[in-house]
Amino acid sequence: MTSPLEQKKIKIAGPSIVTANRTWDGIVVYRTAAKGWSAELSEAAIVRNSDEARALLAEAVADDVGAIGPYIAPVQVGEDGKILPGNLREQIRRTGVTIGQPAQV
Amino acid sequence: MYAYDEIDRTLVNERVSEFRDQVKRRLSGELTEDEFKILRLQNGVYLQLHAYMFRVAIPYGTLATNQLRALAHVARKYDRGYGHFTTRQNIQFNWIKLAELPDAVEDLAKVGIHAMQTSGNNMRNVTSDQWAGVAPGEIEDPRIWSELIRQHTTLHPEFSFLPRKFKIAITASDHDRAAIKIHDIGLRLIKNEKGETGFEVLVGGGLGRTPFIAKTIKHFVHGRDILSYIEAILRVYNQYGRRDNIYKARIKILVHELGIEKFSREVEDEWQHIRNSSLQIDDEVIEDIRSRFTYPAYEKLPHMPDELRQAAADPDFEAWRKNSVAPHKVQGYSIVTISLKPTGGPPGDATAEQMDALADLADRYSFGEIRVGHEQNLALPHVAKRDLPALWKALDKLGLATPNVNLITDIIACPGLDYCSLANARSIPIAQELTRRFANHELANLIGRLHINISGCINACGHHHVGHIGILGVEKNGEEVYQITIGGRADENAALGTLIGPGVKFDEVADVVEDIVEAYLALRERPEELFMDTVKRLGVEPFKERVYATR
């Protein structure tokens, strides 16, 4: 759950993705292999070593109009290829707040 | 209420068109995010986990009903139907789209509210006592001076690029409801022996990763000199404040490293250069500001109206009245605190429907005025006692009559990891669980005054250091862990809490709080001995022993 603001060195310990927030509305997006952004984690490009991660992040940073604040985040990839968030922070970003929103209660 | 003049209205309207142009250029790619970031922060726009967050200022915590309705409108039209009142008299919207923000800013500007001074390394929204102007025994309305400082500092170039953010709070009562001792500058309005109005000035308070309680730098500064004295403090800070290290950039670090004596000498030297300049305030300026605050035409009303006497037979009404209704400076009137801490709810949140309905109630029962307090509750400052029963019924229907003000479930909590990009752990679910554990109001009343403050990271937006029980969420090996402190307080006797031991897991926090409370109930000498008195008498050891004996 380390803040991306503290993510200084690019060093990954397992499968990872690049995530950011879409510029015009701020929603959570994931960098895809097609050099675009998707709101679906299942469409995220998976990187498995630091060089790949660095390259994917550099490409994401270059798309400053599309999304802001890109960073590398860990994921878990199941045997069936299903991608799941690798920590609580990313779980919350993907599925929303864990508390119920007052307007919906 | 305060009525803005033409200068303020022009300023707010110009900001709308500037911001609209900036957003347009950002979305077209003409501005990069690096270029745009400082501009959005000057308009209260942050990026959080799920979306942009828009923080709107409520200067000195005073809102008119048309302003509250405008906030409800923004919540409904541009967000997800609710807003979150913060610990610094702001409101935050958590789901707003950048492309729609200029429209939201414009809609708010129509009623004279804005997001200036809610973020960035500048002078932030000046906060004050939510009971300002109505509290019995107050020296005078502190909002007059808050407004003077707001006018002087808004967009002031010398204060727009400080080493770090800078916060001022003002109180005018013996009991400090504005938490002035945890601010960069705290001002306590007092009279000197000649009966002149002035301030005790405190400096260097703040929480975050290096917490300090503010120290008195000058026991009396005459009101006419307060701007020059504040400016002298800011000049010393601007000159010596650390710009090379964000963690050492707040004035509290400078005051600590120089020592209060040396720091005050530096300020005094600077002040002598500027105190007789144009910064000296003419009486007419204060009188002009004073004249722009309008006060209700109070009626002459009985101390105990029949309506109140009859309603006293209803135990639910009485429970609420005893908890949430406070004496007013005018006979026959009361100050009503509206708890935004319902059982199971996120602290400080209000829906658009609640805001609209509350605006209607304020029009009917409180001369069209609402207040916002740093404890994340609201208040109606001018309620006739005869109207209390009707107001209570209406608030109860809205879910706004939880009688838990200042009790264990009146929890201050930051948004935490559910919303905030800086957070390491969740805050709100901890608060929700605690409000369920202590939902029984008889139990809460038996416990008495007890403040729980929760932060989801060391930045301490939930003021955990000054909670009677403070809870700080951190991350350890990928898990949320919570450190517990006890003995903190944010009032005139402000103190930092003491850590009682190793952190505990998310699922254990409510159990630990229950243990602390049970220990207190067993240890107190008499029912009137408050939690803080017991902690003061016995220290943290008995509580530590209780919590960790079985863990």
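Convention: sequence-line order gives letters A, B, ...; per-chain numbering from 1.
In terms of heavy-atom pairs under 4.5 Å with chain A, the best-connected choice from B:Gly29, B:Pro429, B:Ala75, B:Pro415 is B:Pro429. Between chain A and the residues B:Thr32, B:Asp34, B:Val23, B:Asn94, the most heavy-atom pairs under 4.5 angstrom are made by B:Thr32.
In this structure, no portion of A:Arg94 lies under 4.5 Å from any heavy atom of chain B. When heavy atoms are compared at a cutoff of 4.5 Å, B:Glu33 approaches chain A by way of both its backbone and its side chain. Only the side chain of A:Asn21 comes within contact range of chain B, with heavy atoms under 4.5 Å apart. At a 4.5 Å heavy-atom cutoff, the contact between B:Gln48 and chain A is made by backbone atoms alone. Neither the backbone nor the side chain of B:Leu101 has a heavy atom closer than 4.5 Å to any heavy atom of chain A. Using a 4.5 Å cut-off between heavy atoms, B:Leu47 contacts chain A through its side chain alone, with no backbone atom that close.
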Side chain to side chain contact (heavy atoms under 4.5 Å, CB included) between A:Val97 and B:His50, intermediate numbers included: CA-CA 9 Å; A:Val97 296; B:His50 311 282; 3.8 Å; yes
Working for side chain to side chain contact (heavy atoms under 4.5 Å, CB included), residues B:Arg26 and A:Ile68: CA-CA 11 Å; B:Arg26 170 69 189 119; A:Ile68 63 172; 3.2 Å; yes
Trace of the side chain to side chain contact (heavy atoms under 4.5 Å, CB included) decision for A:Asp64 with B:Glu35: CA-CA 11 Å; A:Asp64 182 64; B:Glu35 290 165 334; over 6 Å; no
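Here the side chains of B:Arg426 and A:Ile92 are in contact, with some heavy-atom distance below 4.5 Å. Using a 4.5 Å cut-off on side-chain heavy atoms (C-beta onward), B:Trp95 and A:Asp25 make no contact.
Note that the CG atom of B:Leu417 and the CZ atom of A:Arg89 stand 7.0 Å from one another [nearest 0.5 Å]. Expressed to the nearest 0.5 Å, how far CZ of A:Arg22 lies from CG of B:Leu98 amounts to 12.0 Å. One distance of note links OG1 of A:Thr23 with CG of B:Leu27; it measures 7.5 Å at 0.5 Å rounding.
Nearest heavy-atom pair, B:Gln432 versus A:Ile99, reported as atom, atom and distance to 0.1 Å: NE2-O, 3.1 Å.
The number of heavy-atom neighbours closer than 6.0 Å to CD1 of B:Ile246, taken from other residues, nucleotides and ligands shown, is 12 or below.
Using modelled atom types and a 3.5 Å distance limit, the side chains of B:Asp418 and A:Thr98 yield a donor-acceptor pair.
Between the side chain of B:Tyr52 and the backbone N or O of A:Trp24, no donor-acceptor pair lies under 3.5 Å.
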